[in-house]
Amino acid sequence: MSVRNGLVNDMPYLSAYIPSPNSSQRSVKTSWAGLNRKQTQDSGELSDAHNVGLSAFPFLVSTKGSKRIWECPSGHTVVSVHSTGNESYAVITRKENKLYFHYVSEEKTVSVQEGFADEGGIPSIALFNVYEGKPDDIVSAKFNRMILIYPYCLSFDPKGDGTLKTFNTSGNVVPRLKHVTVMNGRVFGVLDGKFYASEWNDYAGWRLPAVDDSSDVLASRAWVSTTQSDIDASGDFTGITVYDGHVIGFKRNFMHMLYNNKNPFRIVDVAKIGAISQEAICECGQILFFASDDGIYAFTGGYPKKVSENLNVSDYNDTILGADDKTLYCFVPSENRVFTYDTASGMWGCIDGNSAITFARVENDCLYSTSDGIYKIGGGEHEGFFLETDASFGGALIEKRIKRLRLQVCHATHKEGDYITVEVVKSSGATASKTLAPSKAGNSVISVITRMTCDFGQKIRVCGRGDWEIRYLQLDYESGGEKYV
């Protein structure tokens with residue numbers, strides 16, 4: 001106790017409250033994550049992105065744009081593109097209520113067909129290896145690849161005279177199948193809720209077995225079966241594919257799988273989940289993906305698993321899928337975006353490719369068709385990109401400000417006009433930014449001393465143009481302060 005000027009002070013010496021400076025902390029990010037549009041706070045992922053890829057994971061990279069590799073003939077519009085093996089592909093175009101078949105090899109059109117009647121929808125194309133040789137002379141036998149077009153029952157021989165031919169049916173009736181695929185020397189197809197299989201090694205043979213046929217004859221004959229024993233499996237098929245040695249048929253809300261490698265085949269019900277169309281089914285990274293009414297699913301032989309929760313998309317109608325060797329591409333018309341799914345990391349991104357009609361995989365590339373031509377994903381130049389992190393609240397609603405930001409980047413290849421900008425974004429908008437426009441390729445650290453960034457949570461936005469790799473982000477925070485409005 002002390003007495004001063006007649007006043008008694010009961011507070012002991014040095015026991016009074018002494019204001020302390022605001023606490024500081026540092027946040028570093030050395031491993032980046034993909035797109036998460038559903039959880040945009042404290043997720044550690046990106047809340048938005050465009051033309052940003054994960055090929056250099058754990059770093060992010062700007063991606064190349066698409067390049068048009070085939071121009072649609074005047075007066076035509078593209079209906080679809082289909083892989084035909086090796087480095088070739090087939091394009092179906094429409095002109096004045098007729099369809100035209102174009103066989104393209106090494107980016108040159110080598111065959112253009114006269115029009116045939118348009119029955120609506122997208123034709124189904126399958127590749128069939130015809131065994132040419134005697135059964136007892138396997139050494140000298142060979143296979144000849146044919147391109148089959150359904151429901152038109154047309155075939156094209158890439159090594160032939162360059163014309164389409166109607167199937168030589170030898171008097172048997174060929175079903176005009178809606179969707180087809182090929183496995184073990186047979187054409188499998190679907191039509192009006194039924195599964196079909198052709199005769200072995202004969203894409204034009206559809207003779208069903210007779211009652212008194214021997215087991216050997218039965219095994220090689222055609223096969224057909226209904227699929228509506230389960231009341232939930234009613235309706236027409238929307239697609240068919242081969243995966244892991246089995247033919248899988250999709251309806252809008254159901255999956256069937258075929259067992260056995262010869263007639264009679266056995267139908268097994270897989271799940272009450274289906275695909276919206278043939279173009280919404282795609283294999284990538286040894287995983288079968290398909291778009292259903294409520295999302296994108298992955299199938300590896302068990303029960304399908306939804307993988308699209310992070311996209312936060314409410315309408316998947318008319319979604320189509322494509323792939324290269326390790327990336328799945330999903331064009332979602334309701335978002336007018338192409339989302340990418342990296343099968344190695346299980347993360348999502350987003351690239352250019354708007355208004356895609358169909359996808360096709362040619363070698364290790366993914367092509368997509370638009371009304372005016374065929375484009376190769378990643379075949380163009382580096383264009384504009386951006387990414388935005390989640391809002392970092394740090395698990396608490398406490399005002400804090402960013403004092404300094406550092407971003408390490410690598411400018412892999414230089415081109416005039418390349419730049420990169422980093423910004424701090426709070427609820428009221430961007431508050432601080434810095435742009436780097438390098439004169440050559442190399443590594444750089446962008447350092448920004450920020451002002452007026454106080455908020456409960458901030459985002460970091462990076463945008464630019466060119467070939468960039470985004471590596472290391474460091475933020476220096478200070479808690480406390482008042483929000484600047």
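None of these values were measured; they are calculated from a predicted model.
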Measuring from atom CG of Leu164 to atom CD of Glu114, what distance do you get when rounded to the nearest 0.5 angstrom?
10.0 Å
Cation-aromatic face contact Arg471/Phe59, 6.0 Å, 45 degrees
yes
Check whether more than 12 heavy atoms from other residues, nucleotides or ligands sit under 6.0 Å from atom CG of Asn336, and answer yes or no.
yes
Are any of the side-chain heavy atoms of Pro304 and Phe290 separated by less than 4.5 Å?
yes
Give a yes or no on whether the ring-centroid distance for Tyr152 and Phe116 is below 6.0 angstrom.
yes
Thr413 OG1 to Trp468 CH2 distance, which is reported to the nearest 0.5 Å:
10.0 Å
Give a yes or no answer on whether the side chain of Ser88 reaches the backbone of Ser105 with a donor-acceptor pair at less than 3.5 Å.
no
Has Gln39 got a side-chain atom pairing as donor or acceptor with Gln41's backbone, closer than 3.5 angstrom?
yes
If only side-chain N and O atoms count, and only distance matters, is there a donor-acceptor pair under 3.5 Å linking His411 with Asp467?
no
Counting distance only, does the side-chain N/O of Asp324 pair as donor-acceptor with the main-chain N or O of Asn364 below 3.5 Å?
no
Using the side-chain hydrogen bond (donor to acceptor under 3.5 Å, both in side chains) definition, which of the options Lys98, Arg94, Lys95 pairs with Asp118?
Arg94
Answer yes or no: are there more than 12 heavy-atom neighbours, outside Glu381 itself, under 6.0 Å from its atom CD?
no
Between Phe156 and Phe101, is the ring centre distance below 6.0 Å?
yes
Do Arg461 and Val422 make a side-chain contact, defined as non-hydrogen atoms from C-beta onward lying under 4.5 Å apart?
no
Could you tell me whether the side chain of Asn201 and the main chain of Gly185 form a donor-acceptor pair under 3.5 Å?
no
Any donor-acceptor pair under 3.5 Å from Ser47 side chain to Glu388 backbone:
yes
Just checking Tyr368 against Tyr329, ring centres under 6.0 Å apart?
no
Are any of the side-chain nitrogens in Lys306 or Asp294 under 4.0 Å away from the carboxylate oxygens of its partner?
yes
I'd like to know if the side chain of Ser83 reaches the main chain of Arg361, judged simply by a donor and an acceptor atom lying under 3.5 Å from each other, with no hydrogens or angles considered.
yes
Could you state the interatomic distance from OH (Tyr341) to SG (Cys284), rounded to the nearest 0.5 Å?
9.5 Å
Salt bridge flag under 4.0 Å for residues Arg145 and Asp157
no
Are a donor atom and an acceptor atom from the side chains of Asp352 and Asn51 found within less than 3.5 Å of each other?
yes
Can you check side chain to side chain contact (heavy atoms under 4.5 Å, CB included) on Phe128 and Val187, steps first, answer last?
CA-CA 8 Å; Phe128 192 95; Val187 175; 3.7 Å; yes
For atom CD of Gln286, decide whether the heavy atoms of other residues, nucleotides or ligands shown that lie under 6.0 angstrom number more than 12.
no
Counting only heavy atoms not in Lys29, do more than 12 fall under 6.0 Å of its NZ?
yes
Ring centres under 6.0 Å, that's the criterion: do Tyr89 and Tyr103 meet it?
no
Does the ring of Phe254 carry Lys272 above it, NZ/CZ under 6.0 angstrom from centre and within 45° of its axis?
no
Distance alone, cut at 3.5 Å: any donor-acceptor contact between the side chains of Lys262 and Ser220?
no
About how many Å separate CG of Asn261 and CZ of Arg186, when rounded to the nearest 0.5 Å?
9.0 Å
Are a donor atom and an acceptor atom from the side chains of Asp418 and His382 found within less than 3.5 Å of each other?
no
May I ask you to decide if Gly295's main-chain N or O and Ser292's side chain share a donor-acceptor pair within less than 3.5 Å?
no
Over all heavy atoms of both residues, which pair between Ala275 and Thr238 is shortest? Give the atoms and the distance, please.
O-OG1, 2.7 Å
Testing Lys38, Arg337, Lys459 for salt bridge (Lys or Arg N to Asp or Glu O under 4.0 Å) with Asp48, which one passes?
Arg337
For the aromatic rings, using the six-membered ring if either is Trp, is the centroid distance between Tyr203 and Phe167 under 6.0 Å?
yes
Any side-chain to backbone donor/acceptor pair from Asp318 onto Val332? Under 3.5 Å, distance only.
no
Does the side chain of Thr421 pick up a donor-acceptor pair with the side chain of Thr435 at under 3.5 Å?
yes
Could you tell me the separation between the CE atom of Met347 and the CG atom of Leu46, rounded to the nearest 0.5 Å?
9.5 Å
Taking the side chain as every heavy atom from C-beta outward, state whether Trp32 and Thr389 have any pair of such atoms under 4.5 Å apart.
yes
Backbone N or O of Gly162 within a donor-acceptor pair of the Gln113 side chain at under 3.5 Å?
yes
Ala197 to Trp206 - nearest heavy-atom pair and separation:
C-CZ3, 3.4 Å
Between the side chains of Lys165 and Thr163, is a donor N or O closer than 3.5 angstrom to an acceptor N or O?
yes
Examine His179 together with Phe237 and report whether their ring centres are nearer than 6.0 Å.
no
Lys305 vs Thr300, side-chain hydrogen bond (donor to acceptor under 3.5 Å, both in side chains): CA-CA, chis, key distance, verdict:
CA-CA 9 Å; Lys305 177 184 178 182; Thr300 56; over 6 Å; no
Shortest non-hydrogen pair, Leu127 vs Val182, comes out as O-CG2, 3.3 Å
Under 6.0 Å between ring centres, would you say that holds for Trp70 and His102?
yes
Between atom CD1 of Ile320 and atom CD of Gln278, what is the distance when rounded to the nearest 0.5 Å?
12.5 Å
Under 4.0 Å between a side-chain nitrogen and a carboxylate oxygen: does that hold for Glu335 and Arg37?
yes
Sub-3.5 Å donor-acceptor pair from the side chain of Glu199 to the main-chain atoms of Arg207, do we have one?
yes
In terms of heavy-atom contacts, does NZ of Lys326 have more than 12 from other residues, nucleotides or ligands at under 6.0 Å?
no
Which atoms form the tightest heavy-atom contact between Cys153 and Pro175, and what is the distance?
SG-O, 4.3 Å
Would you say Thr358 and Ser369 are linked by a side-chain donor-acceptor pair, where the criterion is simply a distance under 3.5 Å?
yes
Any side-chain donor paired with an acceptor under 3.5 Å for Ser80 and His82?
yes
Answer whether the closest heavy-atom distance between the side chains of Ile276 and Thr319 falls below 4.5 Å.
yes
